[in-house]
2 protein chains.
Amino acid sequence: MQSAQLDATFSALADPTRRAVLAELASGARTVNELAKPFDISLPAFSRHLKVLEQAGLITRGRDRQFRPCTIAPEPLREATDWMQQYRKLWDERLDRLDAYLAQLQSPTSTEDRDDD
Amino acid sequence: MQSAQLDATFSALADPTRRAVLAELASGARTVNELAKPFDISLPAFSRHLKVLEQAGLITRGRDRQFRPCTIAPEPLREATDWMQQYRKLWDERLDRLDAYLAQLQSPTSTEDRDDD
DNA sequence: GCGGTATTTAGCGAATGTGTTAATTAACAT
DNA sequence: ATGTTAATTAACACATTCGCTAAATACCGC
């Protein structure tokens, strides 16, 4: 996956309004007004959040009469999740080793003098 | 998980330099200069990337002589991954249903009404 | 066409993010 | 004490982001 797509995906996810929109879209397509209702911001402001999501490729928008129904587009989200999963695995292993190392420092019968601070 | 922590985590991940730092830290602790070496930006600029990661709780920094070794702090990353996983599951299911629906439209062996959302 | 609903674009200001260079702090070595 | 290395803070510029209100566009129903 190219860096720019991850940039856009994570950047889009870095806002609670946009995450809430994605969460809501898990239940199916919604119009702009339906999506906007829970939020205390103006419709133009909300519309731009949708634009961010769309330009990041996280949602797609159709046309149904005067409505523009929004739908989840899962591929970039899948890719971002994959990126995190891959490193999460490494991080977890890394931290497990660190834990083990720290445990080893504490448990042995080492009554050696220690540095103070 | 609180929204603000997810904000900070995704926001920190939205930059390729910072993602590369996290990737590198999967191999273990690194000093600032070690981490900065691959990048074409000034050290102050890089230092601020580390600050973003630290303030998001994604890395911790220690002190070893005049070095400040950086280490991964996996908990916020784990939480962000969990958030994505949770919704990824729903999104995938959602899209599976959509696929099935579209397939059914094309090969109408069934006379059922569409289930809506 | 005209009014009503749905949604976006335009224009503006404030806040934030990212980069730079210069200066500073902290620790080490002699 | 002085110089060197490691890293951060200060001060500044520029671009982007996010909110707002007002206006525009697109479609529907009469």
Side-chain angles (χ1 to χ4, degrees), chain A residues 3-22 24-25 28-73 115-117, chain B residues 3-22 24-25 28-73 76:
Chain A
S3 186
Q5 177 61 70
L6 281 174
D7 288 6
T9 301
F10 284 126
S11 187
L13 290 173
D15 180 281
T17 299
R18 294 193 290 259
R19 283 197 306 276
V21 167
L22 293 177
E24 175 67 16
L25 289 180
R30 294 283 187 280
T31 69
V32 175
N33 270 302
E34 286 169 347
L35 287 170
K37 188 150 292 179
F39 301 101
D40 250 3
I41 62 176
S42 67
L43 204 50
F46 185 78
S47 181
R48 285 224 305 267
H49 280 300
L50 291 184
K51 193 172 198 174
V52 170
L53 289 169
E54 186 181 28
Q55 289 183 335
L58 271 47
I59 65 172
T60 57
R61 286 193 270 187
R63 164 67 86 165
D64 172 23
R65 301 158 179 259
Q66 71 251 232
F67 306 94
R68 288 145 182 89
C70 300
T71 318
I72 275 278
D115 290 359
D116 54 9
D117 45 336
Chain B
S3 187
Q5 177 63 69
L6 281 175
D7 287 6
T9 301
F10 284 126
S11 187
L13 291 173
D15 181 281
T17 299
R18 294 193 290 260
R19 284 197 305 277
V21 166
L22 293 177
E24 174 67 16
L25 289 180
R30 295 282 186 280
T31 69
V32 175
N33 270 299
E34 286 169 347
L35 288 171
K37 187 150 292 177
F39 302 101
D40 250 4
I41 61 176
S42 66
L43 202 51
F46 185 78
S47 182
R48 286 223 303 265
H49 280 301
L50 291 183
K51 193 171 198 173
V52 170
L53 289 168
E54 185 181 29
Q55 288 183 334
L58 270 48
I59 64 172
T60 56
R61 286 193 273 187
R63 166 66 88 165
D64 172 23
R65 301 160 178 261
Q66 72 250 231
F67 306 94
R68 288 149 183 85
C70 300
T71 318
I72 274 278

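These numbers come from the heavy atoms of this one structure, side chains and all, not from hydrogens, waters or symmetry mates. Quantities reported herein were computed from a predicted structural model and do not represent experimental measurements. So that the names make sense, note that chain A is the first sequence line, chain B the second, and so on, each numbered from 1.
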Taking any atom under 4.0 angstrom from a heavy atom of chain B, which nucleotides of DNA chain D are the first and last to qualify, 5' to 3'? dA6(D) to dA11(D)

Ignoring backbone atoms, test whether Arg65(A) places a side-chain nitrogen or oxygen under 4.0 Å from the OP1 or OP2 oxygen of dG4(C). no

Donor-acceptor pair, side chain of Thr9(A) and main chain of Gln5(A), under 3.5 angstrom: yes

Could you list the residues that satisfy side-chain hydrogen bond (donor to acceptor under 3.5 Å, both in side chains) with Gln66(B), not counting sequence neighbours? none

Minimum heavy-atom distance between Arg30(A) and Gly28(A), given as atom pair plus value: NH1-O, 3.5 Å

Which protein N or O atoms sit under 3.5 Å from an N or O of nucleotides 5-11 of chain C?
{"residue": "dT7(C)", "atom": "OP1", "partner": "Val32(A)", "partner atom": "N", "Å": "3.2"}
{"residue": "dT7(C)", "atom": "OP1", "partner": "Arg68(A)", "partner atom": "N", "Å": "3.3"}
{"residue": "dT7(C)", "atom": "OP2", "partner": "Asn33(A)", "partner atom": "N", "Å": "2.7"}
{"residue": "dT7(C)", "atom": "OP2", "partner": "Asn33(A)", "partner atom": "ND2", "Å": "2.6"}
{"residue": "dT8(C)", "atom": "OP1", "partner": "Arg61(A)", "partner atom": "NH1", "Å": "2.3"}
{"residue": "dT8(C)", "atom": "OP2", "partner": "Ser47(A)", "partner atom": "OG", "Å": "2.7"}
{"residue": "dT8(C)", "atom": "O5'", "partner": "Ser47(A)", "partner atom": "OG", "Å": "3.4"}
{"residue": "dT9(C)", "atom": "OP2", "partner": "Lys51(A)", "partner atom": "NZ", "Å": "3.3"}

Describe the nucleic acid contact of Ala45(A) in one word from base, sugar-phosphate, nothing, applying a heavy-atom distance below 4.0 Å. sugar-phosphate

Please list every donor-acceptor pair under 3.5 Å in which a side-chain atom of residues 14-22 of chain A meets a protein atom from a residue at least two apart or in another chain.
{"residue": "Asp15(A)", "atom": "OD1", "partner": "Thr17(A)", "partner atom": "N", "Å": "2.8"}
{"residue": "Asp15(A)", "atom": "OD1", "partner": "Arg18(A)", "partner atom": "N", "Å": "3.1"}
{"residue": "Arg18(A)", "atom": "NE", "partner": "Ala12(A)", "partner atom": "O", "Å": "2.8"}
{"residue": "Arg18(A)", "atom": "NH1", "partner": "His49(A)", "partner atom": "ND1", "Å": "3.1"}
{"residue": "Arg18(A)", "atom": "NH2", "partner": "Ser11(A)", "partner atom": "O", "Å": "3.2"}
{"residue": "Arg19(A)", "atom": "NH1", "partner": "Leu13(A)", "partner atom": "O", "Å": "2.7"}
{"residue": "Arg19(A)", "atom": "NH1", "partner": "Asp7(B)", "partner atom": "OD1", "Å": "2.9"}
{"residue": "Arg19(A)", "atom": "NH2", "partner": "Ser3(B)", "partner atom": "O", "Å": "3.2"}
{"residue": "Arg19(A)", "atom": "NH2", "partner": "Ser3(B)", "partner atom": "OG", "Å": "3.1"}
{"residue": "Arg19(A)", "atom": "NH2", "partner": "Asp7(B)", "partner atom": "OD1", "Å": "2.7"}

Residue whose nearest DNA chain D nucleotide is more 5′ - Ser11(A) or Asp64(A): Ser11(A)

Can you list every side chain to side chain donor-acceptor pair (under 3.5 Å) pair that touches residues 35-44 of chain B, not counting sequence neighbours? none

Return the set of residues passing side-chain hydrogen bond (donor to acceptor under 3.5 Å, both in side chains) with Arg68(B) (not counting sequence neighbours), or none when no residue passes. none

Please enumerate all residues that pass ring pair (Phe, Tyr, Trp, His ring centres under 6.0 Å) together with Phe46(A), with sequence neighbours excluded. Phe39(A)

Donor-acceptor contacts under 3.5 Å from residues 55-63 of chain A side chains, at least two apart:
{"residue": "Arg61(A)", "atom": "NE", "partner": "Glu54(A)", "partner atom": "OE1", "Å": "3.3"}
{"residue": "Arg61(A)", "atom": "NH2", "partner": "Glu54(A)", "partner atom": "OE1", "Å": "2.6"}
{"residue": "Arg63(A)", "atom": "NH1", "partner": "Arg65(A)", "partner atom": "O", "Å": "3.0"}

Under 4.5 Å between any side-chain heavy atoms of Asp64(A) and Thr31(A), yes or no? no

Over its full length, what angle do the end axes of the helix from dG1(C)-dC30(D) to dT30(C)-dA1(D) make, each axis taken from five pairs and the result rounded to 10 degrees? 10°

Which pairs, with at least one residue in residues 42-51 of chain B and sequence neighbours excluded, count as a salt bridge (Lys or Arg N to Asp or Glu O under 4.0 Å)? none

